[in-house]
Amino acid sequence: MTHEEVSLGRLPLSHQAQRRIRQYIVDRELRPGDVLPNEGEFCQMLDMSKSSVREGIRRLEMLGIVDVRRGRGLYVGAFNLKPVIDALPYQLTVDETPLHEILQVRAAIEEGLIIQASRQLSERHLADLDDLVAQMREQSQAGEVPPEVDHAFHLALFAPLENQMLNKLIETFWEVYARFAATATAPINHHAVEDHHEIVSAIRSGDDQRMTRAVAVHFAPIQSTVESVPTPSPEERRA
């Protein structure tokens, strides 16, 4: 028995059914819209109970991998990450994923896409970003910048890409970040406001290295602050 078979054997039967049906699709190089065996045929093929196969199919349907057409049968679906992304805030909280890891992923996404986004930012887009930075500067005089303004800046920065998955990921990471950081993070200070100003200035300069450096510099002190703060206990998060 291979290591993979041993690992598979440790999974609940419904999870095994899910994996084996998915592997069936991959092995046969099936494409979206192709017909799949029905539930009963999968039960015989996998030598598994109807309840296990049905639950496995339900999980695959949630991901869009299997398209269940009532009264017509099962078909290969078009894989959809939306349910996975929608579940991320809950999953990351339940798994107690360290905040610095979440922030690290978010920073990598923004650093990796800033140059591509800059190519599509019009002067109007840049003016909108300038307005948001001006709001940050004005509100920072009172000691704190509302998180909504910072949030709006980062969404506006990548809006021209019209990438709904990216937007959802930014929203997701922001939601998780806010949930974890609510009791630990310090207000955005004047230096952070200038970081946002530098990002816009770097984009206007057309200097690719300056752009990625500006994003990296923006996230670096936040990362350091987060890493220095003890992770709240599950009890504290539920409070």
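Between Arg69 and Glu61, no side-chain nitrogen of the basic residue sits less than 4.0 Å from a carboxylate oxygen of the acidic one, so the salt-bridge criterion is not met.
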**Request:** Please lay out, stage by stage, how Glu171 and Leu155 fare under the test side chain to side chain contact (heavy atoms under 4.5 Å, CB included).
**Result:** CA-CA 8 Å; Glu171 292 275 10; Leu155 282 176; 3.3 Å; yes
**Prompt:** Given Glu194 and Arg137, is the side chain to side chain contact (heavy atoms under 4.5 Å, CB included) satisfied, shown in steps?
**Reply:** CA-CA 8 Å; Glu194 293 310 313; Arg137 182 172 288 109; 2.7 Å; yes
**Message:** Determine whether Phe42 and Arg20 satisfy the following criterion, side chain to side chain contact (heavy atoms under 4.5 Å, CB included), listing intermediate values before the conclusion.
**Reply:** CA-CA 10 Å; Phe42 270 130; Arg20 292 174 67 182; over 6 Å; no
**Message:** If you apply the rule side chain to side chain contact (heavy atoms under 4.5 Å, CB included), what do you find for Ile199 with Val133, and how did you get there?
**Reply:** CA-CA 10 Å; Ile199 290 172; Val133 172; over 6 Å; no
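Under the 4.5 Å side-chain heavy-atom criterion for grouping Ile, Leu, Val, Met, Phe, Trp and Tyr, Val35 is not connected to Leu74 through any hydrophobic cluster. Linking Ile, Leu, Val, Met, Phe, Trp and Tyr whenever their side-chain heavy atoms come within less than 4.5 Å leaves Leu36 and Tyr75 in two separate clusters.
Between Ser52 atom OG and Ile57 atom CD1 the span is 11.0 Å, to the nearest 0.5 Å. Within the model, atoms CG of Asp208 and CD1 of Ile203 stand 11.0 Å from one another, a figure rounded to the nearest 0.5 Å. Distance check: Arg204 CZ to Met211 CE gives 12.0 Å after rounding to the nearest 0.5 Å. Taking OG of Ser201 as the reference point, atom CZ of Arg210 lies at 5.5 Å (rounded to 0.5 Å). The CG atom of Asp128 sits 11.5 Å away from atom CZ of Phe153, with the distance rounded to the nearest 0.5 Å. Residue Glu110 holds its CD atom at 8.0 Å from CG of Leu166, rounded to the nearest 0.5 Å.
The heavy-atom pair separating Gly56 from Ala17 by the smallest distance is CA-CB, 4.4 Å. Scanning both residues, Ile25 and Val66, for their nearest heavy atoms gives CD1-CG2, 4.4 Å. Taking both residues in full, the closest heavy atoms of His125 and Gln120 are given as ND1-O, 3.8 Å, listed atom of the first, atom of the second, then distance. A pairwise comparison of heavy atoms in Ala214 and Glu198 identifies CB-CG, 3.9 Å as the closest pair. Looking at every heavy atom in both residues, Ala117 comes nearest to Leu161 through CA-CD2, 3.9 Å. Closest approach of Leu121 and Pro160 over heavy atoms only: CD2-CG, 3.4 Å.
Counting heavy atoms of neighbouring residues, nucleotides and ligands inside a 6.0 Å radius, atom CD of Glu123 exceeds 12 of them. Counting non-hydrogen atoms of neighbouring residues, nucleotides and ligands closer than 6.0 angstrom, the NE2 atom of His151 exceeds 12 such neighbours. Within 6.0 Å of the CD atom in Glu138, the count of heavy atoms belonging to other residues, nucleotides or ligands does not exceed 12.
Side-chain contact check for Ile21 versus Ile65: every heavy-atom pair is 4.5 Å or farther apart. By the 4.5 Å heavy-atom criterion applied to side chains, Arg31 and Val76 are not counted as neighbours. His196 has its side chain within reach of Asp150: a pair of non-hydrogen atoms, C-beta onward, lies under 4.5 Å apart. Between Leu30 and Tyr24, some side-chain heavy-atom pair lies under the 4.5 Å cut-off.
Judged purely by distance below 3.5 Å, without hydrogens or angles, the side chains of Glu55 and His15 never pair a donor atom with an acceptor atom.
Relative ring orientation between His154 and His218 is described as parallel, the plane-to-plane angle staying below 30° on a 0-90° scale split at 30° and 60°.
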